[in-house]
Amino acid sequence: MLTMIDRILDRNAGILVLIGRIALSIIFLFDLYGKLTNFSGFAAVRSLSVLPVPILWAIAAVVLLIVGLIGVLLGFKARLGALALSLFCLSTAIIGHPFWIDPAQQGQFLKDLALSGGFLILAVHGPGSYSMDARSL
């Protein structure tokens with residue numbers, strides 16, 4: 001037997017998934033804006049890491065963000081977008097917040113890891129009924 005909470009969630013699943021997609025993505029809108037308006041600064045920070053060819057990593061990060069945001073926010077190829085943002089978050093956690101070297105990075109590492117998990121859940125379950133993907137079915 002479904003509880004009252006289950007019925008409310010089931011009845012409003014489409015709008016709740018849309019709100020969830022927006023909530024998961026909004027931080028990346030600001031992040032992408034910052035990277036695009038100061039790409040040289042972003043690329044310069046990448047050159048401080050141990051990664052080879054830092055400009056390519058910077059470009060890859062921007063591409064993942066663009067693909068991910070289009071997919072997740074619009075619900076267009078949302079599963080691909082969710083995978084792109086999951087990969088972005090996971091790589092940011094590992095490369096950008098190595099708490100095993102700097103314990104002060106643990107909170108940022110865990111935040112990015114949690115976001116990556118949220119995007120994986122979205123990739124598995126899809127974008128819901130309020131999405132471009134749902135309209136093309």
Just to verify, what does S116 make a side-chain hydrogen bond (donor to acceptor under 3.5 Å, both in side chains) with, not counting sequence neighbours?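 For S116 the side-chain hydrogen bond (donor to acceptor under 3.5 Å, both in side chains) partners, ignoring immediate neighbours, are S86.
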Please tabulate, one pair per line, all N/O donor-acceptor pairs under 3.5 Å involving side-chain atoms of residues 21-29, not counting sequence neighbours.
| from | atom 1 | to | atom 2 | distance (Å) |
| --- | --- | --- | --- | --- |
| R21 | NE | V72 | O | 2.6 |
| R21 | NH1 | P127 | O | 2.8 |
| R21 | NH1 | Y130 | O | 2.9 |
| R21 | NH2 | L73 | O | 3.0 |
| R21 | NH2 | Y130 | O | 3.3 |
| S25 | OG | R21 | O | 2.8 |

Nearest atoms (heavy-atom pairs only) where A134 meets S129: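 Scanning both residues, the minimum pair turns out to be CB-O, 3.5 Å.
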Transitively linked via ILVMFWY side-chain contacts under 4.5 Å: [X] with [Y]?
X	Y	answer
F30	V45	no
L74	I15	yes
I70	F88	yes
V62	Y33	no
L32	V67	yes

If I take atom [atom1] from residue [X] and atom [atom2] from residue [Y], how far apart are they, to the nearest 0.5 angstrom?
X	Y	atom1	atom2	result
L120	H125	CG	NE2	10.5 Å
L110	F99	CG	CZ	6.5 Å
F119	L87	CZ	CG	12.0 Å
L69	L64	CG	CG	10.5 Å

Can you give the donor-acceptor pairs under 3.5 Å from side chains of residues 77-85 to other protein atoms, not counting sequence neighbours?
| from | atom 1 | to | atom 2 | distance (Å) |
| --- | --- | --- | --- | --- |
| R79 | NE | A123 | O | 3.2 |
| R79 | NH2 | V124 | O | 3.0 |

What pairs of residues pass the salt bridge (Lys or Arg N to Asp or Glu O under 4.0 Å) test when at least one of them lies in residues 95-112, not counting sequence neighbours?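 Of all non-adjacent pairs touching residues 95-112, none passes salt bridge (Lys or Arg N to Asp or Glu O under 4.0 Å).
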Quick test of your reading: applying salt bridge (Lys or Arg N to Asp or Glu O under 4.0 Å), list the pairs with at least one residue in residues 22-39, sequence neighbours left out, ordered by first then second residue.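 For residues 22-39, and leaving out neighbouring residues, the salt bridge (Lys or Arg N to Asp or Glu O under 4.0 Å) pairs sorted by first residue read D31-K35.
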F39, CZ atom: more than 12 neighbouring heavy atoms under 6.0 Å: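 Buried by this count: over 12 neighbours within 6.0 Å.
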Can you establish whether the number of heavy atoms outside F76 located under 6.0 Å from its atom CZ is more than 12?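 Counting neighbours around CZ of F76, 12 or fewer heavy atoms of other residues, nucleotides or ligands fall under 6.0 Å, so no.
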Tell me every residue that passes side chain to side chain contact (heavy atoms under 4.5 Å, CB included) with V53, counting only those two or more places apart in sequence or in another chain.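 Expected list: I55, L56.
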For the residue pair F109 and P98, establish whether any side-chain heavy-atom pair is separated by less than 4.5 Å.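 The answer is no, as the side chains (C-beta and beyond) never meet within the 4.5 Å cut-off.
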